[in-house]
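Shown next, in structure tokens, is the structure this report addresses.
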Amino acid sequence: MKKIIAIFCLAMLLCSAFSGMAVASGERIVKVGVGAPSGDWGYPSPFGFYPRGPGYIRMSFIFDTLTWKDENGVIPWLADSWSKSYDGKIWTFSLHRGVTWSDGEPFTADDVKFSFEYMKEHPFAWISLAHIEKVEVLDPYTVAFHLNEPDADFLDFTVGHVVIIPEHIWEDVSDPKTFTGDDAVMGTGPLKLLEYNKAEGSYLYEANRKCFKGEPIIDKFISMTVSDPAAALATGDIDEASFWGISAEAASGFESNPEFETKWGPSYWVLNLIFNYHEYPTNNADFRKAIAYGINRTEIVEQVLHGYGIPANTGIIHPESEWYNPDLPSYEYNPAEANATLDSLGFFDTDSDGIREYPEGGDLEFELITVGRYTGEAYLIQSQLEKVGIRVDVKAMDWGTVDAILKAGNFHLAISGHGGIVKPTIQPDWPATIYDNPAYQSLYEEQKKILDYEQRKSRIYQLQEIIADDLPVYALYHPKMCCVYNPEKLDTWFFTKNGVGQGIPIEMNKLIFMFDPWRYDSDENAIIDRSEVIDAIQDYFDGKITKEQAIKVIILYFQ
């Protein structure tokens with residue numbers, strides 16, 4: 001009886017508060033800062049964003065996928081449920097009803113079919129859809145994918161990555177990469193684009209009040225370029241920033257500041273030294289290993305990152321991945337081994353100037369290309385390799401230029417990195433496309449089709465063994481990652497299990513904008529207690545949630 005009275009009084013208090021008090025006026029605006037000069041990641045349409053993780057993230061605020069991921073793994077999104085055939089070749093999805101595009105038009109299975117067919121013709125970032133034989137609309141809210149071969153990652157890294165676009169907008173678009181404007185960013189997601197400024201590297205979004213998952217808990221979201229994210233946080237110019245690698249040192253300074261909270265993530269990311277697999281002498285595996293022995297990765301982590309990283313798995317996959325093979329060679333720093341191997345290959349310093357020569361004559365010298373952010377690593381490697389008689393000339397460029405050079409194969413040595421290394425379907429030389437090993441490629445294609453977990457894992461271990469032995473890249477380090485935020489502005493930040501989309505290691509999952517009544521359940525046991533209802537009331541008064549969202553918490557309490 002006391003509980004019933006308490007519930008009744010609490011409900012009456014809430015209703016009274018809602019009728020007699022107003023939420024503090026003003027919009028709830030959340031600002032994220034990105035360190036210069038990397039704020040611009042392209043126009044956030046499905047074909048306009050720059051094809052790296054931050055670009056996909058900014059696009060994903062607007063567009064949705066059939067499945068999504070939270071901190072625990074895959075969850076339903078545009079699809080409420082799914083099933084697959086015994087052989088894994090047919091996947092059937094039941095779509096969420098009542099979803100509308102931000103222009104009010106209904107979302108149906110026809111949009112799903114159109115999206116995948118359109119993206120087979122106009123490839124979407126980092127993925128091939130060639131194994132999808134056809135997409136069949138069974139009814140307006142049921143769609144079936146017929147595959148010509150099983151896809152072990154279909155639920156996560158295919159339908160959880162490919163965004164759905166409105167057929168009524170895109171059916172007449174022949175060149176999607178140049179298609180911009182309001183129609184190009186018409187989605188079903190929690191945010192809508194208001195303004196994009198390429199020159200300033202800024203994005204302004206507003207809440208999509210028609211979002212099928214409910215009204216977002218913010219009014220506007222801004223991603224902006226700042227010269228010093230840590231300083232901008234301290235002055236209140238931004239509300240959140242991400243730090244990783246050496247910049248994570250600045251994040252540590254906020255851990256004792258009561259106005260901020262920090263959250264550390266695994267950073268499913270790797271920095272690689274990439275070799276040109278086709279150009280002499282980096283086309284020789286022994287030569288590549290000699291370079292690996294000549295590089296002190298521990299020194300790089302300590303001197304360049306100040307300890308905010310770990311030497312990488314030479315099989316590339318991150319140590320916190322379920323697919324990680326712990327039994328691989330690391331090529332620990334060994335100048336004697338490097339020198340002996342180079343001698344055996346016929347590279348000697350015949351003129352005693354400290355630099356070896358090619359057997360046919362001429363100094364053993366390479367240009368090492370990278371982006372400005374990694375010049376510290378590049379110059380340290382330059383110094384380390386000079387000790388074994390290899391001269392390296394460092395050349396820094398922007399990300400787009402480096403990616404284009406790597407893709408064309410016009411280099412000898414490069415330093416570049418990428419996320420997505422929690423999953424097994426990452427090509428070791430990405431973003432280059434020069435690794436050519438038939439044994440690796442055959443095993444790579446085989447494991448993608450294996451639905452049995454243990455059988456697939458054994459193949460993935462073998463893939464890592466091939467990478468570590470053949471060494472098309474020498475994985476340098478995995479950086480540590482941390483986000484710092486003002487909890488008064490937004491306190492829902494988290495790192496996604498296995499990364500957003502195809503493994504993007506970032507804390508800006510669009511779920512941070514969505515109201516989740518279960519977040520008041522501190523014990524994660526799906527029971528809302530009285531104190532959590534009071535928290536919801538306070539959040540309402542503080543303007544953090546709407547009246548309807550607070551009532552959801554009350555309803556869960558009654559249940």
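Nothing here was measured: the structure is a model prediction, and the numbers come from that model.
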Quiz item: Going through the checks in order, is the side chain to side chain contact (heavy atoms under 4.5 Å, CB included) test met by Lys510 and Ile62?
Solution: CA-CA 9 Å; Lys510 62 186 166 192; Ile62 302 169; over 6 Å; no

Practice problem: Any chance you could lay out the side-chain hydrogen bond (donor to acceptor under 3.5 Å, both in side chains) test for Thr67 and Asp156, step after step, and finish with the verdict? | Solution: CA-CA 7 Å; Thr67 66; Asp156 190 344; over 6 Å; no

Exercise. Apply side chain to side chain contact (heavy atoms under 4.5 Å, CB included) to the pair Ile238 and Val32, showing each step before the final yes or no.
Key: CA-CA 6 Å; Ile238 59 174; Val32 166; over 6 Å; no

Practice problem: Would you please test Ser202 and Tyr196 for side-chain hydrogen bond (donor to acceptor under 3.5 Å, both in side chains) and show each step? | Solution: CA-CA 6 Å; Ser202 65; Tyr196 161 66; over 6 Å; no

Quiz item: After noting the C-alpha distance and the side-chain angles of Tyr43 and Tyr50, does the key distance pass the ring-ring contact (aromatic ring centres under 6.0 Å, His included) rule?
Solution: CA-CA 8 Å; Tyr43 193 72; Tyr50 182 56; over 10 Å; no

Exercise. Please lay out, stage by stage, how Met119 and Phe116 fare under the test side chain to side chain contact (heavy atoms under 4.5 Å, CB included).
Key: CA-CA 5 Å; Met119 289 178 186; Phe116 278 83; 5.9 Å; no

Exercise. Dump the intermediate steps for side chain to side chain contact (heavy atoms under 4.5 Å, CB included) on Asn272 and Tyr474, then the final yes or no.
Key: CA-CA 6 Å; Asn272 289 324; Tyr474 185 39; over 6 Å; no

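Salt bridge annotation for Arg97-Asp80: absent, with no cationic side-chain nitrogen under 4.0 angstrom from a carboxylate oxygen. Here Asp182 does not pair with Lys192 in a salt bridge; the nearest charged N to carboxylate O distance is not below 4.0 Å. Electrostatic pairing of Glu206 and Lys220 does not count as a salt bridge here, judged by no charged N lying under 4.0 Å from a carboxylate O.
Nearest heavy atoms, Lys31 versus Gly236: NZ-O, 4.1 Å. Taking both residues in full, the closest heavy atoms of Glu377 and Leu271 are given as CG-CD2, 4.0 Å, listed atom of the first, atom of the second, then distance. Here the closest heavy-atom approach between residue Tyr308 and residue Gly245 is recorded as CB-O, 3.2 Å. Heavy-atom minimum distance, Ile434 versus Gly409: CG2-CA, 3.8 Å. Scanning both residues, Gly503 and Phe157, for their nearest heavy atoms gives N-CE2, 4.3 Å.
Residues Phe221 and Phe61 place their aromatic rings such that the two centres sit under 6.0 Å apart. The aromatic ring centres of Tyr268 and Phe495 sit 6.0 Å or more apart. Ring to ring, Trp269 and Trp244 are close: their centroids are under 6.0 angstrom apart. Ring centroids of Tyr118 and Phe124 are separated by 6.0 Å or more, keeping the two rings apart.
Taken to the nearest 0.5 Å, the CG atom of Leu233 stands 8.5 Å off from the CG atom of Asn486. For the atom pair Trp323 CH2 and Ile421 CD1, the distance stands at 15.5 Å (nearest 0.5 Å). Atom CD1 in Ile415 sits 4.5 Å away from atom CG in Leu368 (nearest 0.5 Å). Taking CG of Leu380 as the start and CZ of Arg297 as the end, the distance is 13.5 Å to the nearest 0.5 Å. Remark: Glu200 CD to Met224 CE distance equals 9.0 Å, nearest 0.5 Å. In this structure, CD1 in Ile218 is found 5.0 Å from CG in Leu191, a value given to the nearest 0.5 Å.
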Identify each donor-acceptor pair in which a side-chain atom of residues 70-78 lies under 3.5 Å from a protein atom, sequence neighbours left out, and give them as a table.
| from | atom 1 | to | atom 2 | distance (Å) |
| --- | --- | --- | --- | --- |
| Asp70 | OD1 | Asn72 | N | 2.8 |
| Asp70 | OD1 | Gly73 | N | 3.1 |
| Trp77 | NE1 | Asp64 | OD1 | 2.8 |

In residues 160-176, what donor-acceptor pairs under 3.5 Å come from side-chain atoms, sequence neighbours left out?
| from | atom 1 | to | atom 2 | distance (Å) |
| --- | --- | --- | --- | --- |
| His161 | NE2 | Ala125 | O | 2.9 |
| His168 | NE2 | Asp103 | OD2 | 2.8 |
| Asp175 | OD2 | Thr178 | OG1 | 3.2 |

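Remark: the Trp101 side chain and the Asp111 side chain contain an N/O donor-acceptor pair separated by less than 3.5 Å. Glu507 and Tyr485 share no donor-acceptor pair across their side chains, judged by distance under 3.5 Å alone.
Under the 3.5 Å distance criterion, the side-chain polar atoms of Lys69 are matched with a main-chain donor or acceptor of Gly499. The main-chain N or O of Met397 is never found under 3.5 Å from a side-chain atom of Thr401 such that the two would form a donor-acceptor pair. Counting only distance, with no hydrogens or angles, the side chain of Thr100 and the backbone of Glu105 share no donor-acceptor pair below 3.5 Å. Between the side chain of Asp219 and the main chain of Arg28, a donor-acceptor pair closer than 3.5 Å is present. Using modelled atom types, no side-chain atom of His318 and backbone atom of Tyr324 make a donor-acceptor pair closer than 3.5 Å. Thr375 contributes a side-chain N or O that, together with a main-chain N or O of Gly372, makes up a donor-acceptor pair within less than 3.5 Å. The closest donor-acceptor contact from the side chain of Ser45 to the backbone of Gly48 lies under 3.5 Å. In this structure, Tyr205 contributes its side chain and Arg58 its backbone to a donor-acceptor pair below 3.5 Å. Lys120 places a side-chain N or O within donor-acceptor distance of the main-chain N or O of Ile132, the cut-off being under 3.5 Å. Using a distance-only test at 3.5 Å, with no hydrogens or angles considered, a donor-acceptor pair links the side chain of Asn313 to the main chain of Ile317.
Between Ser81 and Phe93, every side-chain heavy-atom pair lies at or beyond the 4.5 Å cut-off. Inter-residue side-chain proximity for Tyr477 and Pro311 is flagged as unmet; no heavy-atom pair is nearer than 4.5 Å. Counting only heavy atoms from C-beta outward, the side chains of Pro46 and Phe63 approach each other to under 4.5 Å. Looking only at side-chain heavy atoms (C-beta outward), Trp91 and Leu66 stay at 4.5 Å or farther from each other. Thr108 has its side chain out of reach of Val99: every pair of non-hydrogen atoms, C-beta onward, lies at least 4.5 Å apart. The closest side-chain heavy-atom distance from Met508 to Ser60 is not below 4.5 Å. In this structure, the side chains of Trp41 and Tyr56 stay at 4.5 Å or more apart for every pair of heavy atoms. Contact annotation: the side chain of Ile310 approaches that of Pro319 to within less than 4.5 Å [non-hydrogen atoms, C-beta and beyond].
No option in Tyr141, Phe107, Trp68, Phe212 other than Phe212 meets the ring-ring contact (aromatic ring centres under 6.0 Å, His included) test with His96.
For the salt bridge (charged side-chain N to carboxylate O under 4.0 Å, His left out) condition, the pairs that include at least one residue of residues 235-262, sequence neighbours left out, are Asp239-Lys489.
Around NZ of Lys198, the count of heavy atoms belonging to other residues, nucleotides or ligands within 6.0 Å does not exceed 12.
Aromatic ring orientation, Trp126 versus Phe49: perpendicular (interplanar angle above 60°, classes split at 30° and 60°).
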